[in-house]
Amino acid sequence: GMASEFRRRKIERVTFSGGYLNPGGNGAGLWFSNSVVTVTNCIVTGCMVYNGAGYGIGLYTFGGRLCVYNSQFNGNYCTYQRPAHNRGGGIAAENCDVVVSETSFSDNWTRTRHWSSMGGALYLAGGLATVRDCTFSGNRAMHNGNSDGPGPALGGALYAASVNPLRVEDSMFTGNSVPLDETTYGDRQGSALYVTGLTTASLVRCVLTSNGSGGDPYKGAIYVGGG
């Protein structure tokens with residue numbers, strides 16, 4: 001993987017494959033802090049965080065600015081051996097200005113036991129964000145717990161909290177879910193998108209199809225929360 005702090009980075013035509021962090025960690029593929037980063041024509045695939053908390057399995061950034069153009073985030077995931085928060089199978093960005101354009105997210109997932117699983121493909125907290133001309137397919141947020149402490153699974157493709165504003169334009173969401181994972185306990189909402197925390201959001205010219213699963217009471221594609 002790549003790690004960078006307080007830098008300007010331009011990354012073009014690179015494949016990041018098989019990054020692995022154990023126990024836990026952020027950014028198995030790429031990690032940035034307070035940096036201005038542009039990622040163009042890149043592939044981030046098969047990255048994994050195991051046995052602990054993981055944010056942004058493919059790419060994690062805190063602060064600064066992130067622009068991702070014409071790239072792919074495929075098959076990145078986090079899984080558990082012990083309770084932990086897992087967020088953003090493809091990308092997690094916190095307190096960051098984000099633009100993601102002409103980029104595909106497929107088969108990324110977050111999975112945890114007892115704690116929270118949020119944003120199977122893309123997790124955004126704070127800052128502002130524009131997602132444009134992107135495709136999200138087959139991404140999942142999952143949790144495994146019991147009645148003593150089930151955590152939530154929120155936003156199969158995209159989770160956004162306190163992002164002002166969030167604009168999602170000309171994008172497609174297909175086959176994303178917050179599926180049952182060996183348990184019927186815990187909150188599961190937003191098979192495609194989960195938006196909360198005073199986020200000002202707009203969804204323009206987007207297509208949402210086959211998100212959720214038949215017979216699932218939480219199969220709603222979009223969930224908008226308060227507070």
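When a residue number appears, it is its place in the shown sequence, counting from 1. Values below: every heavy atom of this structure, side chains too, minus hydrogens, waters and symmetry copies.
By the side chain to side chain donor-acceptor pair (under 3.5 Å) test, Ser116 is found to be paired with His85, Arg87, residues two or more places apart in sequence or in another chain being considered. Checked against side chain to side chain donor-acceptor pair (under 3.5 Å), Thr200 has the following partners two or more places apart in sequence or in another chain: Asn164. Under the side-chain contact (heavy atoms from CB on, under 4.5 Å) criterion, Thr209 pairs with Thr174, Val207, not counting sequence neighbours.
Side-chain contact between Cys78 and Met48 is absent, with no heavy atoms from C-beta onward closer than 4.5 Å. With a 4.5 Å cut-off on side-chain heavy atoms, Phe105 and Asn76 do not count as touching. Met142 places a side-chain heavy atom less than 4.5 Å from the side chain of Trp109. For the pair Val98/Leu124, a side-chain contact is recorded, criterion being any heavy-atom separation below 4.5 Å from C-beta on. With a 4.5 Å cut-off on side-chain heavy atoms, Leu59 and Leu66 count as touching. Side-chain contact between Val99 and Tyr69: present, with at least one pair of heavy atoms (C-beta onward) separated by less than 4.5 Å. A 4.5 Å side-chain heavy-atom check between Ile222 and Leu203 finds at least one atom pair inside the cut-off. With a 4.5 Å cut-off on side-chain heavy atoms, Tyr50 and Tyr20 count as touching.
The closest donor-acceptor contact from the side chain of Ser117 to the backbone of Ala153 lies at 3.5 Å or more, if one exists at all. In this structure a side-chain-to-backbone donor-acceptor pair under 3.5 Å is missing from Asn22 to Asn51. A donor-acceptor pair under 3.5 Å links the side-chain atoms of Asn86 to the main chain of Arg111, judged by distance alone. Distance alone, capped at 3.5 Å, places no donor-acceptor pair between the Thr196 side chain and the Ala161 backbone. Between the side chain of Thr103 and the backbone N or O of Ser71, at least one donor-acceptor pair lies under 3.5 Å. Formation of a donor-acceptor pair under 3.5 Å by the Ser104 side chain with backbone atoms of Thr135 is not found in this model. Asn176 contributes a side-chain N or O that, together with a main-chain N or O of Phe136, makes up a donor-acceptor pair within less than 3.5 Å.
Every pair passing side-chain hydrogen bond (donor to acceptor under 3.5 Å, both in side chains) that includes a residue from residues 124-134 is listed here, sequence neighbours excluded: Arg132-Glu169. Within the structure, the salt bridge (Lys or Arg N to Asp or Glu O under 4.0 Å) test picks out no pair touching residues 46-65 (sequence neighbours left out).
Rounding to the nearest 0.5 angstrom, the gap separating the CG atom in Leu193 from the CG atom in Asn211 is 8.0 Å. To the nearest 0.5 Å, atom CH2 of residue Trp31 and atom CG of residue Asn26 are 8.5 Å apart. With values rounded to the nearest 0.5 angstrom, Thr110 atom OG1 is found 9.0 Å from Leu154 atom CG. The CD atom of Glu102 sits 10.0 Å away from atom OG of Ser171, with the distance rounded to the nearest 0.5 Å. Here OH of Tyr159 is found 4.0 Å from CE of Met118. Values are rounded to the nearest 0.5 Å. Taking OG of Ser35 as the start and CZ of Arg9 as the end, the distance is 7.5 Å to the nearest 0.5 Å.
Pairing each heavy atom of Ala141 with each of Pro179, the nearest pair is O-CD, 3.7 Å. Between Cys47 and Gly29, the shortest heavy-atom distance links the atoms SG-CA, 3.8 Å. Between Gly63 and Cys96 the shortest heavy-atom distance is O-SG, 3.4 Å. Minimum heavy-atom separation, Leu208 to Ala221: CD2-CB, 4.0 Å. Nearest heavy atom pair, residue Val178 against residue Ser191, reads CG2-OG, 3.9 Å.
When the side chains of ILVMFWY residues are joined at heavy-atom separations under 4.5 Å, either directly or via intervening members, Phe16 and Phe32 end up in a single hydrophobic cluster. The same ILVMFWY cluster, assembled from side-chain heavy atoms under 4.5 Å apart, contains both Val100 and Phe173.
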- request: I would like to know whether Ile57 and Asn108 meet side-chain contact (heavy atoms from CB on, under 4.5 Å); could you show each step before the answer?
  value: CA-CA 9 Å; Ile57 313 310; Asn108 304 284; over 6 Å; no
- request: Evaluate the side-chain contact (heavy atoms from CB on, under 4.5 Å) criterion for residues Val195 and Tyr223: first the C-alpha distance (whole Å), next the side-chain angles of each, then the deciding distance (0.1 Å), finally the verdict.
  value: CA-CA 6 Å; Val195 179; Tyr223 179 90; over 6 Å; no
Which atom pairs, donor and acceptor, lie under 3.5 Å between side-chain atoms of residues 36-43 and protein residues at least two apart or in another chain?
unit_1 : atom_1 : unit_2 : atom_2 : d
Asn41  : OD1    : Asn70  : ND2    : 2.4

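Looking at Asn74 and Thr45, their side chains never bring a donor and an acceptor atom within 3.5 Å of each other. Remark: the Tyr123 side chain and the Glu94 side chain contain no N/O donor-acceptor pair separated by less than 3.5 Å.
Ring pair Tyr60/Tyr55 is perpendicular by interplanar angle, where above 60° counts as perpendicular and below 30° as parallel.
None of Asp107, Val68, Asn139 except one satisfies the side chain to side chain contact (heavy atoms under 4.5 Å, CB included) rule with Phe73; the exception is Val68.
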